[in-house]
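One structure is given here, and the rest of the page talks about it.
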2 protein chains.
Amino acid sequence: MSNAPVRRPRIADVAREAGVSKSAVSFAFNSPQRLSQETASRILAVAATLGYRPHPVARMLAVRQTTTIGILSPQPLAQVFANPFFPLFAQGVATVTDDRGFGLLFISPLHGSLRRAMERATVDGIVVIGLEESHPEVESIRGSHVPVILVDAPAWPEHGSVGVDDETGARAAAEHLVALGHRELLVVGVEPPTAMADFSPEGVTGRRLAGYRSVAADHGIELGRDRVVVGPATFEGGEQSLLRAWSDGLRPTGVLAMSDAAAAGVVQGGRHLGLKVPDDLSVVGFDDLPLSRFIDPPLTTVHQPVRLKGEEAARLLLLALSSPPGSPSGEHRILETRLVVRRSTAPPPEPARARG
Amino acid sequence: MSNAPVRRPRIADVAREAGVSKSAVSFAFNSPQRLSQETASRILAVAATLGYRPHPVARMLAVRQTTTIGILSPQPLAQVFANPFFPLFAQGVATVTDDRGFGLLFISPLHGSLRRAMERATVDGIVVIGLEESHPEVESIRGSHVPVILVDAPAWPEHGSVGVDDETGARAAAEHLVALGHRELLVVGVEPPTAMADFSPEGVTGRRLAGYRSVAADHGIELGRDRVVVGPATFEGGEQSLLRAWSDGLRPTGVLAMSDAAAAGVVQGGRHLGLKVPDDLSVVGFDDLPLSRFIDPPLTTVHQPVRLKGEEAARLLLLALSSPPGSPSGEHRILETRLVVRRSTAPPPEPARARG
DNA sequence: CCAGTTTAGCAAACCGGTTTAGGCAACTCT
DNA sequence: AGAGTTGCCTAAACCGGTTTGCTAAACTGG
């Protein structure tokens, strides 16, 4: 019994023990048909008794492939996971990575820097979610050496992308509320509370807002900056947003929320204010997450194929990975949205209707 | 203009271009103080114009560290993300990994094999969540060469672990229902639909069931195998579970769900059956996820510190990583649970109460 | 001016695998 | 018997960095 510290066995140990070369050991694991039956199994047996496993990092370096893709988000992971949209999206990409045997690494800013995080990430390609054109570090992503697919972000010709028709979806939501007779509207945006001079029309928030506003404009309804409040896309975020708007003196009869989570929070917030949904307050969400059917009342919302979005992004990325490097990965896929009317929307209450 | 394919620049390219050795370039990046001011910045400048970034895999290999930890779950990722418990847990671990500059890799079975997935994972340590002692590949985890922290799993002396006092929590839930007068109970378990001969008392499900049953036994209430139905820990899973039980002829007045997601589904399922919650049906969940306050009625549930669980697991793991190898990482931390009474529970309806 | 100490940078070993090019026997064919 | 195959295995180069001595020059003090 030796008292030497137990080092992880390496390929050379197996080779020596089995009386063969390193190459032979490597072949035994990766292309056993290049060895005689007996030799291969003898090597494998020796490896097993030694507890040898090929070192994954060394392997990655040698084959120049990690068989892992990254999901990159510009927000800290803890924040990202707070939004129920995200797990659903992740489900989509996980479905295809699982199927194709790829690993999944979550990339978030390293000490505030996306560039540093990307430099550290050992992935073959990256799915970027929720990046705004105005982000200070977009360049570090554009200049990435690995294939990139953008999700819900401005389309760059050199990278593939997948998104949904946000503006049309937003229009449908607004039309619905207006058709019911609402004229006092409140928009609950989902941006993380980054200070932005204004909403770039490039981002998700911007596109949806444009949709809401174009409908408002069509009907002579005011929907200025003061009727837009933003918060995190979470239950709490939505609840706070409504309460804040209320205490600012706004008295909307209809709320256009940019996420179901926020919408659910708005419903709850309304309850705290003594408002019945939909009798006193209508709210329409965005996403159509599973939870939207399970809150009370079931949420009227704009459906978008979130999981599919993840799947498509992953598929596009894996496609780019298997194509010769340099070939255009620039497919841009836009998925459809549609309004799903449930029971969180109704005509505005009498006094408001009279006013309208 | 050369037509050579653009190779990623490597350290040797920078060295040549800057007229220094590879070591100097390495120092410029990792310990610039070992170089003169000018040399260091000259190297960095050359590196910048060349677009050079140290290759992360090569670096990992050389320093024998990945600065990444893994979250391993025995179920496919797509399934894991469907359970709202998980993102919350992930939030916890992400909080500390973000803070400490570690990456986060999600490890799920590779083509059905946990062992294969682990062999491929380039991580310094692993947090294992939701592993049952009966899992066929536990051994490949016990024998892992990297530090491991088990969450909600049987404590192994050689690995640290964190869990909660499931049985006490479950007892509290059952006591609550029984105290309200319920005697017709249904348990909704959260196991993935793996065929198990019986519920091992080692697993989460087993421990909670033991808690429920011990209370039932104390009060002479029957809670046999036929009153336990299991399904995925999702809204849909809970809904289906109740409907299935109902169509099997069970007529519970109180439901003990092992997850909030399932509990929310049960509430919805009850609605479909024309049952009012809590008037006709009481349901108590487990977890106390954020959503439990936002469904209607707000859910009575057993609180467990899910996010904290993630944080503690990550902290324990990082601690083990920074300790000398071989030192005992075997701290076992049990967090507390407590019943949170909201509005999904009430005395059973009259006919049942009369019967009881 | 010389011994002793810093400073700046280099060469070479190393991390742990994969893969290409080839060598040597044994076998086949003529 | 000699040339050409085939089967099995090896040596050596390579992936792209980090790190450990070590040397040569510059500086310090007596």
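All chains are named by letter (A, B, ...) in the order of the sequence lines, taking the proteins before the strands, and each is independently numbered beginning at 1. These numbers come from the heavy atoms of this one structure, side chains and all, not from hydrogens, waters or symmetry mates.
Between A:F27 and B:S23, the residue whose closest nucleotide on DNA chain D is further toward the 5' end is A:F27. Judged by closest nucleotide on DNA chain C, A:I11 is the one of A:I11 and A:R34 placed further toward the 5' end.
Ring planes of B:F89 and B:F86: tilted class, angle from 30 to 60°. Ring geometry for A:F29 versus A:Y52: interplanar angle over 60°, hence perpendicular rather than tilted (30 to 60°).
Within the nucleic acid shown, B:V20 comes within 4.0 Å of sugar-phosphate atoms alone, with no base atom in reach, counting heavy atoms only.
Nucleotide D:dC8 holds its P atom 13 Å from the CD1 atom of A:I43, rounded to whole Å. Spacing between atom CZ of B:R120 and atom P of C:dG17 amounts to 16 Å, rounded to whole angstrom units. A:R10 places its CZ atom 15 Å from the P atom of C:dT18, with the value rounded to the nearest Å. The CG atom of A:L35 sits 11 Å away from the C1' atom of D:dT10 (whole-angstrom rounding). Counting to the nearest Å, the C1' atom of D:dC15 and the NE2 atom of A:H145 are 17 Å from each other. In this structure, the CG atom of A:N30 is 13 Å from the C1' atom of C:dG16, given to the nearest Å. Atom CZ in B:F29 sits roughly 12 Å away from atom C1' in D:dG17 (whole-Å rounding).
One finds a salt bridge joining A:E312 and A:R315 here, because a Lys/Arg side-chain nitrogen approaches an Asp/Glu carboxylate oxygen to under 4.0 Å. In this structure, B:E119 pairs ionically with B:R115, as a charged nitrogen and a carboxylate oxygen lie closer than 4.0 Å. Salt bridge status for A:R333 with A:E331: present, with a side-chain N to carboxylate O gap under 4.0 Å.
Contacts of residues 45-66 of chain A with DNA chain D (heavy atom under 4.0 Å): A:L61, A:A62, A:R64.
For C:dG16, its base never sits under 3.5 Å from the side chain of A:K22 at any donor and acceptor pair.
For C:dT19, neither phosphate oxygen OP1 nor OP2 lies less than 4.0 angstrom from any side-chain nitrogen or oxygen of A:S26. Between B:T39 and C:dG9, a side-chain N or O to OP1/OP2 separation shorter than 4.0 Å is present.
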Let me see the working for A:Q75 and A:S108 under side chain to side chain contact (heavy atoms under 4.5 Å, CB included), right down to the final yes or no. CA-CA 6 Å; A:Q75 295 134 39; A:S108 60; over 6 Å; no
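Using modelled atom types and a 3.5 Å distance limit, the side chains of A:S26 and A:S23 yield no donor-acceptor pair.
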